[in-house]
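Worksheet: one structure, shown below.
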Amino acid sequence: MPRLVLIDGSSYLFRAFHALPPLTNADGEPTGALFGVVNMLRATLKERPDYAAYVVDASGPTFREQMYPLYKANRPPMPDDLRAQVEPMCRIVEALGFTILREPGVEADDVIGTLALQGAAEGIDVTISTSDKDFAQLVREPAPGQGLVELVNTMTGSRLDSIEAVMAKFGVRPDQIVDMLALMGDSVDNIPGVAKCGPKTAAKWLAEHGTLDAVIAAADAVKGKIGESLREALGQLPLSRQLATIRTDVPLPVTPRTLALRERDIESLRELYARYGFNQALKELDGGSAADAVEKEPGRARGSGRYAAPVAEDAPPPDPALSAPGEYETVLDADRLAAWIGMLREAGCFALDTETDSLDPLRANLVGISFSAEAGRAAYVPIGHDYPGVPTQLDRQSALDALRPLLEDAGVRKIGQHGKYDLHIFRRLGIEVRGYAEDTMLESFVLNSSQRHDMDSLAKRLLGYDTVAYEAVAGKGAKQIPFNAVAIDDATRYAAEDADITLRLHGQLSAQLQATPSLQAVYREIEMPLVQVLARIEANGVMVDADELRRQTADLSRRMLAAQQKATELAGRSFNLDSPKQLQALLFDELGLPALVKTPKGQPSTNEEALEAIADQHELPRVILDYRGLAKLRSTYTEKLPEMINPATGRVHTSYHQAGAATGRLASSDPNLQNIPIRTEDGRRIRKAFVAPPGRRLVACDYSQIELRIMAHLSGDAGLLEAFSAGADIHRATAAEVFGRRLEEVTPNERRAAKAINFGLIYGMGAFGLARNLGIGRGEAQEYIATYFSRYPGVRDYMERTRQQAREQGYVETVFGRRLYLEYIQRGNQAQRAGAERAAINAPMQGTAADIIKRAMVDIDGWLAGQGGAAQMILQVHDELVFEVDEGFVEALLREVPRRMAAAAELRVPLVVDSGVGADWDEAH
DNA sequence: TGTCCCTGCAA
DNA sequence: TATTGCAGGGACA
């Protein structure tokens with residue numbers, strides 16, 4: 001949605017004049033207010049509004065003075081030092097590309113009010129940039145076809161973007177603000193009000209009566225001194241209300257659409273900045289073009305590259321404050337720590353980061369803590385540095401004890417970058433961080449999941465800033481030293497910057513999120529609540545029977561050896577069975593077997609499909625296939641999992657990546673517990689090693705066919721909806737439709753084919769893929785697909801709509817509004833576009849399923865918190881949740897969890913949850 | 001030592 | 001020429 005920024009120029013000028021020291025340039029001209037305003041405007045430009053206006057008061061009387069001659073009568077004349085800055089300010093504002101508006105007869109407020117409502121009505125999101133609280137009366141929430149109206153105060157960073165936010169700040173709704181202002185009066189503007197009535201009283205009355213008129217009507221009933229004051233003021237109140245009302249119907253020579261931001265006039269800016277001594281701004285002008293060039297390098301494509309960064313955003317101008325080193329303090333004594341804690345508490349919101357000696361949050365030791373509540377200012381508290389000659393640091397326990405009340409205070413909001421890591425560190429030190437409210441990694445993920453979300457990338461992309469690389473302070477590769485061996489001065493540069501940058505990133509990212517309420521909701525209602533849930537699951541871990549795995553390793557080893565001997569015999573020479581390259585030479589060159597499958601690089605493939613294809617021509621391929629299956633299980637699972645047991649807990653703790661999969665799914669690593677085998681007998685045995693401790697059981701609950709159900713919901717196809725509503729076996733029902741059978745006539749083979757079709761549809765399959773999967777001809781596969789679509793026309797239409805939508809807007813959405821941007825859908829080559837279309841088909845289903853289970857996890861976690869530790873969530877595998885449960889609590893859990901999972905979304909088909917109980921994961925599944 | 005390639009496990 | 005991931009071993013610079 002386009003955005004219009006309306007800047008209340010007069011209010012900023014006054015604020016900056018009084019807030020900043022009386023600076024002058026080399027010629028002695030006053031520049032303080034100018035400096036403040038220019039910085040504010042450059043910050044505004046960084047957010048790249050589509051339209052912008054800088055609104056100031058014209059000279060001469062306004063309608064308010066005609067209405068009430070005493071209006072603003074006691075306002076002192078503008079100081080000369082300020083007056084002198086007005087003209088240069090206008091020149092800079094012009095040169096920056098803003099339109100300046102000055103309307104005689106009305107105040108700047110009325111011009112802003114009029115444009116704001118016009119803009120919102122035209123579907124433009126409007127940001128009013130002001131330090132004047134009276135504008136709260138204009139706040140509007142977005143409606144269909146209409147933009148929102150929000151307030152920001154760039155000086156303080158505060159933002160009022162919803163009715164709720166206004167309520168929180170003033171205790172009344174935006175539409176009650178004028179009534180409140182009338183009751184309170186305003187001594188600065190000389191608006192009369194009720195004596196002794198401040199915001200609290202006004203809000204109380206309005207909460208009771210709703211409107212000023214109702215308060216007036218009920219005035220006789222108000223008791224006490226304040227009641228007398230109210231009755232005395234009655235006559236004045238309607239006038240006060242009128243004076244406080246910002247007009248929204250002023251005839252203007254412009255409309256929002258005529259306020260497009262102009263190209264900035266570099267030459268004039270250079271001259272003006274030089275004249276007034278704005279060196280940082282000047283540097284930005286000169287450095288800007290170089291930074292742009294750097295940023296326009298293509299982003300690193302990831303994975304298949306079917307989607308990646310969407311429209312390459314132009315590099316933001318580098319933050320000038322970043323070109324100078326930030327004001328970073330090393331905190332080495334208790335007094336400074338106390339001072340910082342006081343500051344952070346006062347700020348109410350700060351960025352937090354920890355430094356440790358390991359990447360594994362369940363093993364890492366705390367080395368230092370950094371925080372920042374103001375851009376450019378940050379502190380680093382070293383507490384675990386350890387090298388010859390290290391300065392005296394704060395004692396770790398006393399530092400933690402000092403920080404604990406702040407960190408555990410839910411009323412003080414913390415901002416982090418991948419804060420789940422820091423939550424683990426503090427939890428292991430006995431501190432439960434509360435008020436973990438913002439995570440820049442997740443903000444970035446929700447805004448555009450296919451970009452990178454590490455801090456270095458974010459800083460580069462959003463701030464045009466190169467962070468101090470970890471390698472620069474700790475070295476890299478074999479020479480890397482643990483962070484506790486890094487010199488404290490270097491550590492401060494690195495760690496304090498992390499907190500500083502996190503805070504700045506949040507400023508940008510939260511503003512971007514505000515612009516899209518659906519994304520804001522995904523972030524606020526799904527991702528942020530999930531952070532603590534995932535941290536708990538990771539901390540719980542799962543019990544693994546190492547002895548069982550060792551027995552399996554021995555068994556696998558024995559069978560691998562036999563296969564190896566057999567293979568050597570068949571090949572007539574020894575070779576490395578693990579080497580695709582050697583295998584390729586042996587099979588296709590020496591033995592002359594046909595190479596029917598190619599790798600993506602064009603080499604003859606030795607993968608399963610290729611070996612199966614030649615298994616009837618030679619004995620060797622079958623032996624290799626057997627060997628491979630065994631080797632995979634041993635190297636990836638039975639050997640590795642025992643090594644992953646955390647000695648401190650005796651359990652295996654995976655790590656869930658919340659910003660891992662572009663569709664919104666979680667990913668798991670170290671170890672990956674989302675790909676434990678199940679399909680073969682040998683593989684399934686590994687699940688027997690995932691066990692419950694004595695007195696407990698494992699309970700597994702999984703969604704039945706959730707993605708197909710989502711397809712039914714999204715497509716609205718009558719046949720599919722009916723099948724699910726009737727509780728049918730969906731693959732059997734599909735087979736009956738496609739093959740023209742009655743349900744009971746469907747053969748196992750037909751059901752298998754139907755299942756392949758159903759899954760293929762979820763992945764955007766074509767006839768070629770289905771043919772290969774089923775081992776049938778392309779023509780036959782095409783017929784199946786055609787028949788499927790004729791039986792389920794809603795699905796066909798939905799797929800076409802989705803492609804269309806993806807092509808037109810560049811992204812697709814889940815039921816809950818999560819987006820996946822598809823860069824290559826518009827500008828890729830043929831293959832890339834086709835790939836992007838398949839991803840577009842898949843993402844709404846996969847992503848909605850991810851949204852649903854995430855919601856269920858948050859809900860269930862809340863429920864479990866009240867169950868006294870009788871059960872814990874220990875695994876998530878995309879459509880399945882696994883719990884470790886006291887034996888006596890199993891029944892209760894089975895009553896509650898499937899119900900809550902099924903209730904996590906209201907679709908046009910029921911969500912069905914299956915569950916199982918056992919001593920190990922295999923039994924429970 | 002770091003990186004790419006091939007392979008294969010899960011939903 | 002079927003989606004999303006993680007990870008192992010080999011090969012090579």
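Order of the sequence lines fixes the chain letters, A, B, ..., with proteins taken first and strands second; residue numbering starts at 1 for each chain. Computed over heavy atoms, backbone and side chain alike; hydrogens, waters and symmetry mates excluded.
- Side-chain nitrogen and oxygen atoms of A/Arg679 include none within less than 4.0 Å of the OP1 or OP2 phosphate oxygen of B/dC9.
- A sub-4.0 Å separation between OP1 or OP2 of C/dT1 and a side-chain N or O of A/Gln830 is absent.
- Applying the 4.0 Å criterion to OP1 and OP2 of B/dA10, one finds that A/Ser668 has every side-chain N and O outside that range.
- Backbone-only contact: A/Lys581 has heavy atoms under 4.0 Å from sugar-phosphate atoms and none from a base.
- Residue A/Ile624 contributes atom CD1, which lies 12 Å from atom P of B/dT7 at whole-angstrom precision.
- The closest side-chain donor-acceptor pair between A/Arg558 and A/Thr553, if any, does not fall under 3.5 angstrom.
- The residue A/Ala756 sits close to a base: some heavy atom pair falls under 4.0 Å.
- In this structure, A/Glu880 reaches neither bases nor backbone, as no heavy-atom distance under 4.0 Å exists between it and the strands shown.
- In this pair, A/Phe483 and A/Tyr470 present their aromatic rings parallel. The plane angle is below 30°, not in the 30 to 60° band.
- In the set C/dA7, B/dC6, C/dG9, C/dG9 carries the atom at the smallest distance from any side-chain atom of A/Lys640.
- Among the protein residues, A/Glu707 comes within range of no part of the nucleic acid, since none of its heavy atoms lies under 4.0 Å from any strand.
- Across all strands, A/Ile762 comes closer than 4.0 Å to no nucleic acid atom at all (heavy-atom distances).
- A/Asn672 has no side-chain polar atom (N or O) that falls below the 4.0 Å cut-off from OP1 or OP2 of B/dC9.
- If you check every strand for non-hydrogen atoms under 4.0 Å, A/Asn675 touches a base.
- Distance from the side chain of A/Phe768 is smallest for C/dT1 among the nucleotides C/dT1, C/dT3, C/dG10.
- Side chains of A/Ser655 and A/Asp670: a donor-acceptor N/O pair is absent below 3.5 angstrom, by distance only.
- Between A/Glu590 and A/Arg573 there is a salt bridge, with a side-chain nitrogen of the basic residue lying less than 4.0 Å from a carboxylate oxygen of the acidic one.
- Of the side-chain N and O atoms in A/Ser579, one or more sit less than 4.0 angstrom from OP1 or OP2 of C/dA11.
- As judged by a 4.0 angstrom heavy-atom cut-off over every strand, A/Leu770 is placed among residues making no nucleic acid contact.
- Nucleic acid contact for A/Gly766: none, since no nucleic acid atom lies under 4.0 Å from a heavy atom of the residue.
- In this structure, A/Arg772 does not reach the C/dT1 phosphate: none of its side-chain N or O atoms is under 4.0 Å from OP1 or OP2.
- One finds no side-chain N or O of A/Thr636 lying less than 4.0 angstrom from the OP1 or OP2 phosphate oxygen of B/dG8.
- Side-chain atoms of A/Ser669 and A/His657 form a donor-acceptor pair, as typed in the model, at a separation below 3.5 Å.
- Side-chain to base pairing of A/Gln846 with C/dT3: one donor and one acceptor N or O lie within less than 3.5 Å of each other.
- Heavy atoms of A/Phe759 sit under 4.0 angstrom from at least one base atom.
- Using a 4.0 Å heavy-atom criterion, one finds that A/Asp702 contacts no nucleic acid atom at all.
- Dense packing is recorded around CD of A/Glu471, with more than 12 heavy atoms of other residues, nucleotides or ligands lying under 6.0 Å away.
- Side-chain atoms of A/Arg665 come within donor-acceptor range of the base of B/dA11, with a qualifying N/O pair under 3.5 Å.
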